[in-house]
Amino acid sequence: MPKIPHRLYLTEDQMPTQWYNLRADMPEQPDPLLNPGTMKPLTEEDLYPIFCKELAHQEMDSETRWIDIPEGIMEEYRIYRPSPLIRAYNLEQTLDTPAKIYYKYEGNNTSGSHKLNSAIAQAFYAKQQGLTGLTTETGAGQWGTALSEACAFYGLDLQVYMVKCSYEQKPFRKAVMGVFDANVTPSPSPTTEVGRKILAEFPESTGSLGCAISEAVEKAVSSNNYRYVLGSVLNQVLLHQSIIGLEAKAAMDILGEYPDIVIGCAGGGSNLGGLIAPYMRDKLTGKANPQIFAVEPASCPSFTRGKYAYDFCDTGKVTPLAKMYTLGHGFMPAANHAGGLRYHGMSPILSKLYHDGYMDAVSVKQLEIFEAATLFAKKETILPAPESAHAICQTIKEAVKCRETGEAKTILFGLTGTGYFDMTAYDAFKNGTMVNHIPSDEELAAGFASLPQIG
Ligand SMILES: *Cc1c(COP(=O)(O)O)cnc(C)c1O
């Protein structure tokens with residue numbers, strides 16, 4: 001029996017009861033969101049037509065360090081949390097590495113991902129404000145599923161705009177959302193003005209997250225007593241996801257462990273921002289200096305090849321502008337990219353931290369992601385989401401480096417979810433039809449050309 005258990009679950013009374021707001025410890029704040037009408041910094045009130053009030057407040061609050069998790073949310077969290085911290089003994093052995101590998105596993109709920117952590121919070125506050133329904137977008141489907149669960153729990157209607165290619169490739173995702181009574185529409189759709197405009201220009205469009213966001217925002221502001229919610233990128237989402245890192249840190253503290261390296265995949269940045277939150281705090285306050293990696297797909301490389309600039313968060317330019325690492329809201333990820341993480345932008349908080357040198361970013365290619373995913377599945381028994389496999393891939397690289405240097409580093413990575421709805425992609429990998437796609441500089445230039453010119 002190893003001294004350190006394979007799995008560590010905190011007890012209910014060891015669970016964090018507050019979220020941690022990383023902005024409170026940042027020496028410099030991210031640049032403010034801009035109102036798309038006036039191009040002036042946005043006020044909290046400007047957000048009220050789009051977000052419910054408490055969430056608008058959280059979005060703008062860069063000062064409150066610790067925020068109590070309301071009991072109504074804790075009740076829900078306790079159903080599927082705490083999530084386990086797992087020591088990857090078998091993977092370590094296979095890699096013949098002196099490194100210690102830990103992962104925080106967020107796939108133990110029906111959405112199969114960490115997204116439920118923020119979905120519950122957002123639905124709770126909407127219900128508390130007396131709203132009747134929410135709208136949102138979903139790409140791969142995890143966010144739409146998570147929010148469907150949360151809306152069913154709190155008794156809210158939900159309209160989901162699902163990126164058309166996912167809608168067609170993942171019919172069972174749609175079916176799961178149906179179980180929770182969500183209304184799911186493929187995007188771009190003829191149900192909104194912006195959808196009709198995109199369809200007129202590109203009738204064959206298979207959609208993008210940016211486009212589905214535009215539709216969901218339009219639907220929310222044109223429906224009575226509805227608001228819009230987003231599953232990533234926003235400050236409020238990173239705040240809710242801090243539960244991941246706080247639990248991980250509490251569990252590692254019990255084991256007397258502290259990571260030298262923390263690794264997370266990055267789409268819009270929410271799981272990464274949540275996982276690293278307490279460790280970034282240590283970094284910002286000079287207590288410790290772990291190395292932090294964002295891992296993104298080579299086919300959608302916002303951190304590693306994007307520009308740090310103001311951009312719209314959606315294709316239809318109806319959302320506020322954020323200063324972030326972006327490929328341009330006009331960027332269209334390759335259709336053959338199966339691994340998720342296809343969003344053109346990145347969390348403004350993480351963008352600022354990356355820009356100021358507090359973290360590293362790397363990109364990995366589709367084939368190596370799936371290679372890492374299948375090795376992990378065989379050794380650790382969990383079939384990972386392709387998104388999560390980006391983090392696995394980088395973890396393996398770091399562990400192999402340790403084998404070469406003989407350093408016994410402690411690595412913590414975020415295993416954000418399961419890949420049961422990604423079997424077409426796993427099949428393509430296994431039968432050899434999957435290919436890598438790395439956009440050329442010319443392809444990226446087309447996306448950059450869509451960046452707005454700001455003062
Ligand atoms: C949505 C998702 C991601 C990426 O989103 P972030 O906001 O970057 O965390 C990663 N893994 C899984 C399983 C997801 O569902």
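Side chains included, hydrogens not; waters and symmetry mates left out as well; all remaining heavy atoms used. The first residue of the sequence shown is numbered 1, and numbering continues consecutively from there. In each ligand, atom 1 is the first atom listed, and ligand 1 is the first ligand listed. Source: prediction; values computed, not measured.
- When each atom of ligand 1 is checked for a heavy atom of Ser232 under 4.0 Å away, the hits are 6 (P), 7 (O).
- By heavy-atom distance, the residue among Ser347, Ser270, Ser388 lying nearest atom 6 (P) of ligand 1 is Ser270.
- Less than 4.0 angstrom separates some heavy atom of Gln142 from each of these atoms of ligand 1: 13 (C), 15 (O).
- The main-chain N or O of Thr416 is never found under 3.5 Å from a side-chain atom of Glu387 such that the two would form a donor-acceptor pair.
- Remark: side-chain polar atoms of Thr136 are paired, donor with acceptor, to backbone N or O of Val229 under 3.5 angstrom.
- Side-chain atoms of Glu44 and Tyr48 form a donor-acceptor pair, as typed in the model, at a separation below 3.5 Å.
- Remark: ligand 1 and Leu272 share no N or O pair separated by less than 3.5 Å (distance only, no angle test).
- Side chain of Ser111 to main chain of Ala146: no donor-acceptor pair is present (N/O by atom type, distance under 3.5 Å, no hydrogens or angles).
- Each of the following atoms of ligand 1 lies closer than 4.0 Å to a heavy atom of Glu387: 10 (C), 11 (N), 12 (C).
- Scanning all protein heavy atoms for the shortest distance to atom 4 (C) of ligand 1 gives Leu341 CD2, 3.4 Å.
- Counting heavy atoms only, Lys115 comes closest to atom 1 (C) of ligand 1 of the residues His114, Glu296, Met346, Lys115.
- Between Phe331 and His344, the distance separating the two ring centers is not shorter than 6.0 angstrom.
- If you look at Phe421 and Tyr426, their ring centroids are not closer than 6.0 Å.
- Applying the 4.0 Å criterion to heavy atoms of Cys265 picks out, from ligand 1, the atoms 10 (C).
- Residues Tyr308 and Tyr354 keep their aromatic ring centres 6.0 Å or farther apart.
- In this structure, Asp31 pairs ionically with Lys323, as a charged nitrogen and a carboxylate oxygen lie closer than 4.0 Å.
- Counting atoms of ligand 1 from 1 in the listed order, those under 4.0 Å from a heavy atom of Ala266 are 8 (O).
- Under a 4.0 Å criterion applied to the non-hydrogen atoms of Gly267, ligand 1 contributes the atoms 8 (O).
- Not a single heavy atom of Gln241 sits less than 4.0 Å from an atom of ligand 1.
- Residue Lys397 places its NZ atom among more than 12 non-hydrogen atoms of other residues, nucleotides or ligands, all under 6.0 Å distant.
- Close approach of ligand 1 to Ser113 is summarised as follows: ligand atoms under 4.0 Å from at least one heavy atom of the residue are 13 (C), 15 (O).
- Looking at atom 11 (N) of ligand 1, its nearest protein heavy atom turns out to be Thr416 OG1, 2.7 Å.
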